[in-house]
Amino acid sequence: QVQVVESGGGSVQPGGSLRLSCAASGSAFSIYLMGWYRQAPGKRRELVASIFSGVEDYAESVKGRFTISRDNAQKKLYLHMNSLKPEDTGVYYCKVGPSGWGQGTQVTVSS
């Protein structure tokens with residue numbers, strides 16, 4: 001079973017930047033589809049970005065502002081977030097493969 005741990009969340013002002021990191025265990029890391037999800041208070045969890053075989057996909061709301069990347073050798077996934085907006089606030093989760101979820105990391109964008 002894949003173990004997943006996120007880090008890098010925090011509080012930032014609108015227009016600021018954060019980088020989230022996800023560390024995963026397991027021997028088949030490189031073959032997994034990986035993604036970042038977020039859940040705002042009172043809302044459903046939504047896919048923010050995913051990456052598989054070098055192909056990146058983003059939610060419309062974050063295109064041009066967020067970048068997903070992975071380091072297969074280090075078994076890490078990243079989410080670089082720029083030009084953050086208050087509506088980006090939520091708990092961000094890393095997902096590795098079909099069922100590997102982390103515990104989430106809080107991102108708060110507020111002035």
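Keep in mind the model is a prediction, meaning the values are calculated, not measured.
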| request: Determine, stepwise, if the pair Gln103 / Glu6 fulfils side-chain contact (heavy atoms from CB on, under 4.5 Å). | output: CA-CA 7 Å; Gln103 81 290 348; Glu6 303 99 336; 3.0 Å; yes

| request: Not counting sequence neighbours, list each pair that qualifies as a disulfide bond (SG atoms under 2.5 Å apart) and has a residue in residues 33-85. | output: none

| field | ring pair (Phe, Tyr, Trp, His ring centres under 6.0 Å): pairs with one or both residues in residues 79-106, sequence neighbours excluded | value | Tyr37-Trp101

| message | Could you work out, with salt bridge (Lys or Arg N to Asp or Glu O under 4.0 Å) as the rule, every residue matching Glu87, not counting sequence neighbours? | response | none

| message | Tell me every residue that passes side-chain contact (heavy atoms from CB on, under 4.5 Å) with Ser7, counting only those two or more places apart in sequence or in another chain. | response | Ser21

| query | Are any side-chain N or O atoms of Gln3 and backbone N or O atoms of Ser25, one a donor and one an acceptor, separated by less than 3.5 Å? | reply | no

| query | Who pairs with Arg45 by salt bridge (Lys or Arg N to Asp or Glu O under 4.0 Å), at least two apart in sequence or on another chain? | reply | none

| task | Rounded to the nearest 0.5 Å, what's the gap from CG on Asp88 to OG on Ser61? Could you check? | result | 7.0 Å

| message | The test is side-chain contact (heavy atoms from CB on, under 4.5 Å); show your working for Ile51 and Tyr58 and say whether it passes. | response | CA-CA 9 Å; Ile51 184 168; Tyr58 297 93; over 6 Å; no

| Backbone of Lys95 reached by a side-chain donor or acceptor of Tyr32 within 3.5 Å | no

| query | Among all residues two or more places apart in sequence or in another chain, which pass the salt bridge (Lys or Arg N to Asp or Glu O under 4.0 Å) test with Lys43? | reply | none

| Derivation and outcome, side-chain contact (heavy atoms from CB on, under 4.5 Å), residues Val48 and Ile68 | CA-CA 9 Å; Val48 174; Ile68 189 171; over 6 Å; no

| field | Set of side-chain contact (heavy atoms from CB on, under 4.5 Å) partners for Ser17, sequence neighbours left out | value | Asn82

| field | Set of ring pair (Phe, Tyr, Trp, His ring centres under 6.0 Å) partners for Tyr78, sequence neighbours left out | value | none

| Interatomic spacing from CG in Asp57 to NZ in Lys63 - rounded to 0.5 Å | 6.5 Å

| note | side-chain hydrogen bond (donor to acceptor under 3.5 Å, both in side chains) filter on Gln74, not counting sequence neighbours, yields none

| task | Could you grab the distance from atom NZ of Lys76 to atom CE of Met34, nearest 0.5 Å is fine? | result | 11.5 Å

| About how many Å separate CE of Met81 and CZ of Arg19, when rounded to the nearest 0.5 Å? | 11.0 Å

| query | Looking only at heavy atoms, what is the nearest atom pair of Val96 and Cys94, with distance? | reply | CG2-SG, 4.0 Å

What donor-acceptor contacts under 3.5 angstrom involve side-chain atoms of residues 104-111, with partners at least two apart or in another chain?
from, atom 1, to, atom 2, distance (Å)
Thr105, OG1, Gly9, N, 3.2
Gln106, NE2, Gly90, O, 3.4
Gln106, NE2, Thr108, OG1, 3.3

| note | Applying side-chain hydrogen bond (donor to acceptor under 3.5 Å, both in side chains) to Gln13 and not counting sequence neighbours gives none

| message | How close do Gly8 and Leu18 get, counting heavy atoms only, and between which atoms? | response | O-CD2, 4.0 Å

| query | Can you check whether Val62 reaches Arg38 side chain to side chain, under 4.5 Å on heavy atoms? | reply | yes

| note | The salt bridge (Lys or Arg N to Asp or Glu O under 4.0 Å) partners of Glu56 (sequence neighbours excluded) come to none

